[in-house]
Enquirer: 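Handing you this structure, nothing more for now.
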Amino acid sequence: MTITLNHTIVPATDHRAAAQFFASVMGLPELPPDGRDGHFAPVRVNETLTLDFMTVDVPADGPAVGHHLAFDVDPGTFDAIRTRLRAAGVPYGDDPARPDNGRTDHPLCARGLYFTDDAHNLYEVMSPA
């Protein structure tokens, strides 16, 4: 059997809002709440992967440390994601240190961008063209 990532927990300041944000930007379906007392807000990424957003406590001395999640997408999906980011007024950029510079000339692929959420998760979207 090959190893396939089934799900991962994504920290959030508000799990429902974070799942809705990610799903709307990426054009993905949200699933009904899951886990004990609905503490997961799952988003189906593909046939084998679900991101389970979960509210976490923010440290008193600063913001929560988010995850870096990277996605390969086709050119049409990339364009649709960038259009949704622009429409929602969400900053994006080609540099993880500056995910708000509005550029898409990614160093590892033809086009790519980064954007963040309020829990400081860094999302990377890469396209071959």
Enquirer: Got Arg111 and Asp79 here, is their nearest side-chain heavy-atom distance under 4.5 Å?
Expert: yes
Enquirer: Tell me whether Tyr92 is reachable from Tyr114 by hopping between hydrophobic residues (I, L, V, M, F, W, Y) whose side-chain heavy atoms are closer than 4.5 Å.
Expert: no
Enquirer: So which heavy atom on Ser127 is nearest to which on Ala129, and how close?
Expert: OG-O, 2.8 Å
Enquirer: Using 0.5 Å steps for rounding, measure from the CD1 atom of Ile81 to the CE atom of Met26.
Expert: 4.0 Å
Enquirer: Please tell me if the side chains of Ser24 and Arg84 come closer than 4.5 Å, counting only heavy atoms from C-beta onward.
Expert: no
Enquirer: First locate atom CG of Leu108, then atom CD of Glu124, and finally report the distance between them rounded to the nearest 0.5 Å.
Expert: 7.0 Å
Enquirer: Could you check whether Asp95 pairs with Arg103 (Lys NZ or Arg NE/NH1/NH2 to Asp/Glu carboxylate O, under 4.0 Å)?
Expert: no
Enquirer: Quick check on the hydrophobic clustering: are Phe71 and Leu5 connected, directly or via other members, by side-chain heavy-atom contacts under 4.5 Å?
Expert: yes
Enquirer: Going hydrophobic residue to hydrophobic residue with side-chain gaps under 4.5 angstrom, can you get from Leu85 over to Val73?
Expert: yes
Enquirer: Hydrophobic clustering (ILVMFWY, side-chain heavy atoms < 4.5 Å, transitive) - are Val125 and Leu122 grouped together?
Expert: no
Enquirer: Considering the options Val90, Asp14, Asp118, which one meets the side-chain contact (heavy atoms from CB on, under 4.5 Å) requirement together with Phe21?
Expert: Val90
Enquirer: A side-chain contact here means heavy atoms from C-beta on lying under 4.5 Å apart; do Asn121 and Leu69 qualify?
Expert: no
Enquirer: Is a side-chain N or O of His15 found less than 3.5 angstrom from the main chain of Pro33, in a donor-acceptor match?
Expert: no
Enquirer: Would you mind listing every ring pair (Phe, Tyr, Trp, His ring centres under 6.0 Å) that reaches into residues 23-44, with sequence neighbours excluded?
Expert: none
Enquirer: Could you check if a side-chain atom of Arg44 sits within less than 4.5 angstrom of a side-chain atom of Leu28, using non-hydrogen atoms only?
Expert: no
Enquirer: With sequence neighbours left out, write down each residue that passes salt bridge (Lys or Arg N to Asp or Glu O under 4.0 Å) with Asp52, or none if nothing qualifies.
Expert: none
Enquirer: Ignoring hydrogens and angles, tell me if any N or O in the side chain of Asp94 forms a donor-acceptor pair with the backbone of Pro107 under 3.5 Å.
Expert: no
Enquirer: Of all the heavy-atom pairs spanning Pro91 and Phe115, show the shortest one and how long it is.
Expert: O-CB, 3.6 Å
Enquirer: Where do Val56 and Pro11 come nearest, in terms of heavy atoms and distance?
Expert: CG2-CB, 3.8 Å
Enquirer: Can you list the steps and then say if Phe53 with Val43 is a side chain to side chain contact (heavy atoms under 4.5 Å, CB included)?
Expert: CA-CA 8 Å; Phe53 291 82; Val43 175; 3.8 Å; yes
Enquirer: Check whether Tyr123 and Ile9 end up in the same hydrophobic cluster, where Ile, Leu, Val, Met, Phe, Trp and Tyr are linked by side-chain heavy atoms less than 4.5 Å apart.
Expert: no
Enquirer: Should Thr50 and His7 be marked as a side-chain hydrogen bond (donor to acceptor under 3.5 Å, both in side chains) after you check the CA-CA gap, both sets of side-chain angles, and the distance that decides it?
Expert: CA-CA 5 Å; Thr50 301; His7 72 276; over 6 Å; no
Enquirer: Out of curiosity, Thr8 OG1 to Leu49 CG, how far, rounded to the nearest 0.5 Å?
Expert: 8.0 Å
